[in-house]
*Asks:* 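This structure is in structure tokens; I'll ask about it shortly.
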2 protein chains.
Amino acid sequence: MSENSLSSFSSHVDPATTPDNVIKALSIDNLIFGLDHGQLDILLIKHREGISAGRWALPGGWIRYDENLRDAASRHLLELTGVSDLYLEQLKTFGRVDRFPNERVVTVSYYALVSAEDYDLAAGHNAADACWFNVRALPELIYDHAEIIQYGIEQLQQNVRRRPIGFNLLPEKFTLLQLQELYESILGTKLDKPNFRRKIMKMGLLASCDEKQTGVAHRAAKLYRFDEQAYNTLMEKGFSFEI
Amino acid sequence: MSENSLSSFSSHVDPATTPDNVIKALSIDNLIFGLDHGQLDILLIKHREGISAGRWALPGGWIRYDENLRDAASRHLLELTGVSDLYLEQLKTFGRVDRFPNERVVTVSYYALVSAEDYDLAAGHNAADACWFNVRALPELIYDHAEIIQYGIEQLQQNVRRRPIGFNLLPEKFTLLQLQELYESILGTKLDKPNFRRKIMKMGLLASCDEKQTGVAHRAAKLYRFDEQAYNTLMEKGFSFEI
DNA sequence: CCAAAAGTGTTCGCTATACACCCATGA
DNA sequence: TCATGGGTGTATAGCGAACACTTTTGG
């Protein structure tokens with residue numbers, strides 16, 4: 001389990017201190033996934049005040065009246081990690097009557113994949129405690145956040161096979177083995193190296209960086225980057241990404 | 001375009017008459033799909049009162065404080081069509097700031113597939129006007145409902161290929177050609193009959209009814225039904241439905 | 001008989017899978 | 001020279017696409 005301590009401003013929901021310019025009974029919760037040494041991590045924060053003080057939770061907060069849902073998710077993400085311009089997608093809305101104590105609060109969840117390069121950036125801000133946790137070793141969480149994470153992981157496993165979003169978890173330049181280990185880690189399976197290489201290369205989504213790894217105690221691997229332009233071109237022709 | 005007129009109680013959102021026991025700023029909208037002569041239809045209602053009187057809309061309404069989201073969707077569906085116990089799944093939450101006039105209303109959308117057998121049942125209740133519309137010939141709709149429907153159709157096209165939900169659009173007993181035409185209609189493609197048959201049969205999800213079509217001017221086809229038990233057994237073994 | 005749809009058979013090429021193998025490099 | 005991962009080759013089985021074909025039934 002990784003616990004890169006990270007300080008950030010937490011505006012997580014707390015009905016006792018709800019400001020006036022937000023929608024009552026409606027909140028945002030972000031699932032921010034990162035990859036650390038081939039392990040899938042998720043970013044959690046610790047409440048400092050209110051009814052949930054000292055307990056771990058998903059980073060989230062209220063939605064302003066003049067703010068689109070995705071913008072609210074982006075804002076909370078930016079405030080918490082300093083990262084912007086991410087792949088950020090709506091996951092699901094959770095609204096069980098008793099999911100929140102005393103009040104009825106429905107929450108819209110979003111998820112984002114943070115690249116390994118931005119992984120440490122997250123440690124920049126100042127406020128509530130925040131840490132990366134391995135998704136297989138989570139602490140106790142408030143409300144239904146464990147359930148939301150469980151759902152998010154399942155969706156991530158499905159989406160990562162159908163859309164080239166996994167690249168967001170890697171640095172700009174990566175090796176084929178890194179990519180393979182990413183898929184193995186998220187999907188929880190072993191993949192055949194030669195077959196994986198061929199499959200990926202045949203898609204034509206990777207551009208060679210004409211560079212090689214350095215500082216490794218074995219033959220240096222070629223570095224590739226995700227070729228977004230090629231992807232867009234292929235998509236227009238009705239290409240379907242499948243792993 | 002089919003327009004089986006259907007009367008039903010509409011509790012669709014209207015901020016002017018919002019009762020006290022519901023969550024303000026949060027509504028439900030249902031996408032109810034049906035199949036008519038091989039064409040994909042969607043159920044729409046016409047407002048009788050309020051700011052949207054006389055205009056077509058998705059059947060929906062407010063969420064009560066003591067009511068889970070899905071229960072609210074079920075309730076509105078039941079009130080509008082008389083059908084219960086349906087495949088009913090959350091689609092997405094729409095919350096653009098300006099999607100609703102004067103107020104901020106976020107809506108959680110659900111979708112359901114109504115079987116051909118229940119298709120007419122929908123005409124049972126009494127209240128606002130309601131009709132089935134071919135999804136390719138929709139009237140003008142209120143708010144962002146056209147956008148929601150567009151999104152719903154795209155999701156339906158994807159989900160119908162990955163999960164055996166299409167059967168919900170057919171009667172209990174159906175022929176292989178009916179099933180094929182369903183997929184052709186939703187996916188907007190032509191499929192090869194022999195190959196489709198083999199693919200479906202090899203999955204082992206269909207149980208023979210030991211019955212044949214009657215009243216057709218050609219060789220009568222065997223009738224099949226979806227074998228839910230076989231499906232559950234296969235799912236436990238890690239089976240993946242793909243068309 | 002014909003039309004229309006039911007249903008079967010067969011070919012061909014691609015792709016997934018499994019696994020053996022050689023290459024380059026630092027310690 | 002060995003360990004480690006980089007990278008290539010290849011045989012095989014199975015599946016999908018394409019399409020020719022036979023069967024059954026009502027009119």
*Asks:* Rounded to the Å, how far apart are Phe196(A) CZ and dA18(C) P?
*Replies:*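 About 16 Å, once rounded to whole Å.
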
*Asks:* Grab the CG-P distance between Asp192(B) and dG7(C) for me, whole Å please.
*Replies:*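 Whole-Å distance recorded here is 15 Å.
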
*Asks:* Are a donor atom and an acceptor atom from the side chains of Glu154(B) and Gln158(B) found within less than 3.5 Å of each other?
*Replies:*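 The criterion, which ignores hydrogens and geometry beyond distance, is not satisfied for Gln158(B) and Glu154(B).
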
*Asks:* Would you say the base of dG7(C) and the side-chain of Arg198(B) have a donor-acceptor pair closer than 3.5 Å?
*Replies:*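 Flag unset: no donor-acceptor pair detected.
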
*Asks:* Which whole-number value in Å describes the distance from Leu191(B) CG to dC19(D) C1'?
*Replies:*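 Going from Leu191(B) (CG) to dC19(D) (C1'), I get 16 Å.
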
*Asks:* Would you say the base of dA16(C) and the side-chain of Asn195(A) have a donor-acceptor pair closer than 3.5 Å?
*Replies:*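 For Asn195(A), whose side chain was compared with the base of dA16(C), there is no donor-acceptor pair (under 3.5 Å).
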
*Asks:* Using a heavy-atom cut-off of 4.0 Å across all strands, would you classify Lys190(B) as base, sugar-phosphate, or nothing?
*Replies:*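 Nothing, no heavy atom under 4.0 Å.
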
*Asks:* So, for Ala112(B) and Leu88(B), which heavy atoms are closest and what is the spacing to 0.1 Å?
*Replies:*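 Between these two residues, the closest heavy atoms are CB-CD1, 3.6 Å.
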
*Asks:* Could you list the residues that satisfy ring pair (Phe, Tyr, Trp, His ring centres under 6.0 Å) with Tyr224(A), not counting sequence neighbours?
*Replies:*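 For Tyr224(A), no residue satisfies ring pair (Phe, Tyr, Trp, His ring centres under 6.0 Å) once neighbours in sequence are set aside.
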
*Asks:* Check the distance between dA5(C)'s C1' and Leu179(B)'s CG and give it to me in whole angstrom.
*Replies:*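 Spelled out: CG on Leu179(B) to C1' on dA5(C) is 16 Å.
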
*Asks:* Taking atom P of dA16(C) as reference, at what distance in whole Å does atom CD1 of Ile200(A) sit?
*Replies:*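 About 11 Å, once rounded to whole Å.
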
*Asks:* Using atom names, set out every protein N or O paired with an N or O of nucleotides 3-7 of chain D below 3.5 Å, distance rounded to 0.1 Å.
*Replies:*
from	atom 1	to	atom 2	distance (Å)
dG6(D)	N7	Lys193(A)	NZ	2.8
dG7(D)	OP1	Lys222(A)	N	3.2
dG7(D)	OP2	Arg197(A)	NH2	3.3
dG7(D)	O5'	Arg197(A)	NH2	3.1
dG7(D)	N7	Lys193(A)	NZ	3.3

*Asks:* Applying salt bridge (charged side-chain N to carboxylate O under 4.0 Å, His left out), which residue pairs with at least one partner in residues 171-181 of chain B are found, sequence neighbours left out?
*Replies:*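 Matches after skipping sequence neighbours: Lys173(B)-Glu211(B).
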
*Asks:* Rounded to the Å, how far apart are Glu181(B) CD and dA6(C) C1'?
*Replies:*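 These atoms are roughly 13 Å apart.
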
*Asks:* Could you tell me the separation between the CG atom of Asn68(A) and the OG atom of Ser74(A), rounded to the nearest 0.5 Å?
*Replies:*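 Here the rounded value is 10.0 Å.
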
*Asks:* When you look at Leu156(A) and Leu31(A), which way does the side-chain contact (heavy atoms from CB on, under 4.5 Å) test go after all the steps?
*Replies:* CA-CA 10 Å; Leu156(A) 180 60; Leu31(A) 281 74; over 6 Å; no

*Asks:* Over how many whole Å does the gap from Gln180(B) atom CD to dA5(C) atom P extend?
*Replies:*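 Rounding to the nearest Å, CD of Gln180(B) and P of dA5(C) are 12 Å apart.
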
